Amino acid sequence: MDCRRATEPPMAQNHTLATKKDHPSQHQLGYSPRMSRIMSGIQPTGSLHIGNYLGALLNWVRLQEEYECYFSIVDLHALTARPEPQELRLAVRELAIGVLASGVDPERAVLFVQSQVPEHSELAWVFSCMTQMGDLNRMTQFKDKSQFQADNINAGLFTYPVLQAADILIYRADRVPVGEDQVQHLELAREIVRRFNGIYGQTFPEPIVVPAKAPRVMGLDGESKMSKSRGNEIGLFEEPEETMKKLRGAKTDPQRLRRNDPGRPEICNVFSYHGYFSDAATCEQIAADCRSASIGCVDCKQSLAGNLEKVKGPIRERAQELRANQGAIDEILNEGGNRARAVAKETMDLVRERVGL
RNA sequence: AGGCCAGUAGCUCAAUUGGCAGAGCACCUGAUUCCAAAUCAGGGGGUUGAGGGUUCAAGUCCUUCCUGGCCUGCCA
């Protein structure tokens with residue numbers, strides 16, 4: 001992994017703010033006809049698994065090719081679960097390592113830690129005054145999380161979508177890749193923008209929701225989304241032996257009782273993993289052999305383990321190299337933080353002026 | 001700030017008058033099975049939120065604190 005100092009992005013001239021000479025009412029600030037700016041965040045919770053990789057990291061790697069990207073490790077959001085301080089710090093570092101090892105290029109995209117850019121919090125406060133309780137009350141994720149951590153329903157959890165809106169709009173991002181579960185939050189962000197612009201004049205672009213090509217990766221139990229808290233995950237940094245051990249216990253077609261029974265790959269969770277890690281020809285072959293009982297589930301799992309390792313192995317090795325060079329990680333994050341803050345400050349200066357602070 | 005209620009295994013809860021801390025689910029191991037599931041057999045797991053006190057003996061009674069919930073009040 002190349003850890004040289006990141007340079008200014010070539011597209012830095014886009015999204016410039018209106019100066020005093022400009023006429024804001026005729027000028028949609030932050031809008032760039034040439035290149036869309038993307039903002040996306042990921043929470044530093046637990047350790048990375050292949051669900052995170054397929055759902056978020058891989059997307060980032062693709063997005064940085066086409067867009068001006070701001071990628072953030074959102075530790076302020078993670079705080080809603082009150083992690084141990086040293087664990088939070090470790091999770092942030094490990095996530096940065098995972099992001100870089102997966103192929104996000106810090107020279108191409110701005111990679112930074114949310115809390116290093118205090119403007120996120122500042123804009124979130126302003127936005128919270130633009131947000132109606134009734135709207136927040138409707139957020140299904142808040143209700144879900146409230147059930148999940150019933151002993152810690154804090155206000156941060158409630159205003160989470162407001163901070164999320166600030167995350168995006170502090171960079172005047174016009175596109176946001178989100179999974180199904182985040183669409184509602186994005187709608188709220190757009191609502192906040194409309195309200196703000198309506199009251200104070202055109203200031204923010206209304207971010208467009210880009211449906212993330214993020215598969216909903218099921219856990220090894222085949223019952224729910226892959227997550228560390230459910231203990232049904234395949235770790236991104238896992239050794240192949242560990243992964244095979246977990247795969248051996250993974251749920252398959254419950255109707256395929258004997259080796260000679262024909263299988264149903266279309267309902268088999270393990271087969272669905274092949275779709276992510278094996279090429280099309282292999283997938284077809286495996287499916288056909290499973291249906292005809294030419295291969296057993298163990299064969300299928302071994303094949304998968306091999307293909308999984310082809311993806312996971314190089315990432316694990318790059319991660320090892322990065323871990324050995326903490327200074328470089330810090331430098332990348334600091335540089336990313338500086339670049340992010342420069343943009344965030346511009347936005348915040350304008351917001352202060354607009355709202356009368 | 002005050003009042004009331006609650007806290008027991010990963011989860012949901014039980015434990016008689018103060019008398020050996022338990023069950024279900026989950027988890028792990030073995031049998032079986034190509035693997036998993038199902039079934040059967042076995043197993044690990046606890047500072048009973050924390051400290052102090054009363055007692056031969058405290059999950060249980062007293063006390064202080066912590067956490068969470070509900071109610072009343074005060075300030076900005």
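Predicted, not measured: the structure shown is a model, and the values here were computed from it. Reckoned from all heavy atoms, side chains included, excluding hydrogens, waters and symmetry mates. First the proteins, then the strands, lettered A, B, ... as listed; each starts at 1.
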Expressed as a whole number of angstroms, how long is the span from [X]:[atom1] to [N]:[atom2]?
X	N	atom1	atom2	answer
F271(A)	rA36(B)	CZ	P	21 Å
R264(A)	rA36(B)	CZ	C1'	13 Å
K245(A)	rC35(B)	NZ	P	17 Å
E223(A)	rA26(B)	CD	C1'	12 Å
R259(A)	rA36(B)	CZ	C1'	15 Å
I295(A)	rC35(B)	CD1	C1'	12 Å
I267(A)	rA36(B)	CD1	P	17 Å
R230(A)	rC11(B)	CZ	P	15 Å

* Could you tell me whether K301(A) contacts a base, only the sugar-phosphate backbone, or nothing, with contacts defined as non-hydrogen atoms closer than 4.0 Å? =>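 Base: the residue K301(A), judged by heavy atoms under 4.0 Å, touches a nucleobase.
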* Asked: Which part of the nucleic acid, if any, lies within contact of D299(A), taking any heavy atom under 4.0 Å across all strands shown: a base, the sugar-phosphate backbone alone, or nothing?
  -> nothing
Taking atom [atom1] in both [N] and [M], compute the distance separating them and give it to the nearest angstrom.
N	M	atom1	result
rC35(B)	rG44(B)	C1'	25 Å
rC65(B)	rA26(B)	C1'	33 Å
rU54(B)	rU64(B)	C1'	15 Å
rC25(B)	rC40(B)	P	10 Å
rC11(B)	rG18(B)	P	29 Å
rA37(B)	rA31(B)	P	14 Å
rA23(B)	rG45(B)	C1'	14 Å
rA38(B)	rG22(B)	C1'	28 Å

Compare the minimum distances between each of [options] and the side chain of [X], then state the nucleotide with the smallest one.
X	options	answer
P254(A)	rA36(B), rC34(B), rC35(B)	rA36(B)
T252(A)	rA37(B), rC35(B), rC34(B)	rC35(B)
R82(A)	rC34(B), rA37(B), rG68(B)	rG68(B)

* Asked: Cluster question for you: counting only ILVMFWY and a side-chain heavy-atom cut-off of under 4.5 Å, with indirect links fine, are L57(A) and F277(A) together?
  -> yes
* To do: Mark yes when over 12 heavy atoms from residues, nucleotides or ligands other than E284(A) sit less than 6.0 Å from its CD; otherwise mark no.
  =>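 No, the 6.0 Å shell around CD holds no more than 12 heavy atoms from other groups.
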Electrostatic pair [X]:[Y] at N-O distance under 4.0 angstrom:
X	Y	value
E223(A)	R230(A)	no
R316(A)	E238(A)	no
R258(A)	D261(A)	no

* **With sequence neighbours excluded, residues passing side-chain hydrogen bond (donor to acceptor under 3.5 Å, both in side chains) with E191(A)** =>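 With sequence neighbours excluded, E191(A) shows a side-chain hydrogen bond (donor to acceptor under 3.5 Å, both in side chains) to R194(A), R195(A), given in chain and number order.
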* Structure fact -> The dot-bracket string of RNA chain B, counting Watson-Crick and G-U wobble pairs with both distances under 3.5 Å, using [ ] for crossing pairs and | for pairs to another strand, is (((((((..((((.....[..)))).(((((.......))))).....(((((..]....))))))))))))....
* Under the 3.5 angstrom rule, does the side chain of Y273(A) hit a backbone N or O of M218(A) as a donor-acceptor pair? -> yes
* **Non-hydrogen side-chain atoms of L163(A) and F127(A) separated by less than 4.5 Å** => no
